[in-house]
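Inspection log for the structure reproduced underneath, given as structure tokens.
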Number of protein chains: 2
Amino acid sequence: MGKGYTPETAAADVAAALKVLEGRWKLILLFHLFGGQVRRYSELKKRIPGISQKMLAQQLRALEADGLVRRTVYPEVPPRVEYQLTDWGQALCPVLDGLLSWREKRHSQ
Amino acid sequence: MGKGYTPETAAADVAAALKVLEGRWKLILLFHLFGGQVRRYSELKKRIPGISQKMLAQQLRALEADGLVRRTVYPEVPPRVEYQLTDWGQALCPVLDGLLSWREKRHSQ
DNA sequence: CGGAATCCGCACGGATACTG
DNA sequence: CAGTATCCGTGCGGATTCCG
């Protein structure tokens, strides 16, 4: 923790980072895209059981607005839209691994 | 990411780790306790602007139940209760730092 | 001092129907 | 195919009151 941080500002910064992961679907979406995978809307819909069209579109837009996901539209008929992680989105993977390691520590002590 | 992980199980494990941090107050509480600080209930109440007694007690209990916080009751009159992080709770600090570093990366690219 | 109990508003997310 | 629009239920968190 650097200098100049109060508990409130530090907590707010972490909360801002966690905000882009909040909700029931975003982590699932990210894990479907980690590793450079490219997926179509309908592909994600099929692979993620229980997600509604509204939530799929809404959460993908949120991830895109936050800079984790890139959306590519192909002007074809029928329309095709592909989703993939940005470099920054992909950089989240090791951070989440750190979180998993921390979680496993608990059982080992 | 190890083998045997589906996007769903990996996301569920991360979500379980994030669950102990969820809500409006837990991060603030943690940052008030990082570094081995020991705080009384009334002290936390004073230091955290806007938190209600209900939320303070509720979130402290949740953190205690999740093993991040240790609660010590001194049988005195008037009663005194102190809160501090467990080793595992303290171990979360570098993980959150990783999250902050990830966040700062965005502006630098 | 350190809570517990209760009531309540609001935003998140689900279901369904419709569209370029 | 890839969405948008609308309605609605549930649960988180706030305000207030009471208790050992």
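Naming: A, B, ... by sequence-line order, numbering from 1 per chain.
Put simply, CD on Q58(B) is 13 Å from P on dG3(C), counting in whole angstrom units. If you measure from atom CD of E76(A) to atom C1' of dG3(D), you get 16 Å, rounded to the nearest angstrom. A straight line from CE of M55(A) to P of dT16(C) spans 16 Å, rounded to a whole angstrom. Distance I51(B) CD1 to dG13(D) C1': 10 Å, rounded to the nearest Å. Here the P atom of nucleotide dG2(C) and the CD1 atom of I48(B) are 14 Å apart, to the nearest Å. Protein atom CG of L60(B) is 14 Å distant from nucleotide atom C1' of dA4(C), rounded to whole Å. A straight line from CG of L56(B) to P of dA4(C) spans 10 Å, rounded to a whole angstrom. Between the P atom of dA2(D) and the CD atom of Q59(A) lies a distance of 18 Å, rounded to the nearest Å.
Below 30°, between 30° and 60°, or above 60°: for Y83(A) and Y41(A) the angle between ring planes is between 30° and 60°, a tilted geometry.
Note on S42(A): only backbone sugar-phosphate atoms sit closer than 4.0 angstrom, heavy atoms only; bases stay farther off. The residue G23(B) sits close only to the backbone: its heavy atoms come under 4.0 Å of sugar-phosphate atoms, none of a base. Residue Y74(B) is out of contact with every strand shown, counting any heavy-atom pair closer than 4.0 Å.
No hydrogens or angles were tested; on distance alone, a donor-acceptor pair under 3.5 Å links the side chain of K54(A) to the base of dG14(C).
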Inset, instruction - Please step through side chain to side chain contact (heavy atoms under 4.5 Å, CB included) for the pair H32(B) and Q37(B), ending with a clear verdict. - result: CA-CA 7 Å; H32(B) 273 272; Q37(B) 299 176 88; 5.9 Å; no

Inset, instruction - Could you go through the side chain to side chain contact (heavy atoms under 4.5 Å, CB included) check for Q53(B) and K45(B) one step at a time? - result: CA-CA 7 Å; Q53(B) 292 180 324; K45(B) 181 91 176 69; 3.5 Å; yes

Legend entry - Chi angles and distances behind the side chain to side chain contact (heavy atoms under 4.5 Å, CB included) call for Q84(B), L33(B): CA-CA 6 Å; Q84(B) 58 192 302; L33(B) 295 174; 5.5 Å; no

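Applying the 4.0 Å criterion to OP1 and OP2 of dG2(C), one finds that R61(B) has every side-chain N and O outside that range. Taking side-chain N and O atoms only, W25(B) has a distance below 4.0 Å to OP1 or OP2 of dG14(D). The phosphate of dG3(D) has neither OP1 nor OP2 within less than 4.0 Å of any side-chain N or O from R80(A). Taking only side-chain nitrogens and oxygens, R40(B) comes nearer than 4.0 Å to OP1 or OP2 of dG2(C).
Note on L44(B) and V73(B): same hydrophobic cluster, where clusters join Ile, Leu, Val, Met, Phe, Trp and Tyr whose side-chain heavy atoms are under 4.5 Å apart, directly or indirectly.
Comparing S52(A) and Y41(B) by the nucleotide of DNA chain C that holds the closest heavy atom to each, the one mapping nearer the 5' end is Y41(B). The nearest heavy atom of DNA chain C to R24(A) and to Q53(A) marks one nucleotide each, and the one closer to the 5' end goes with R24(A).
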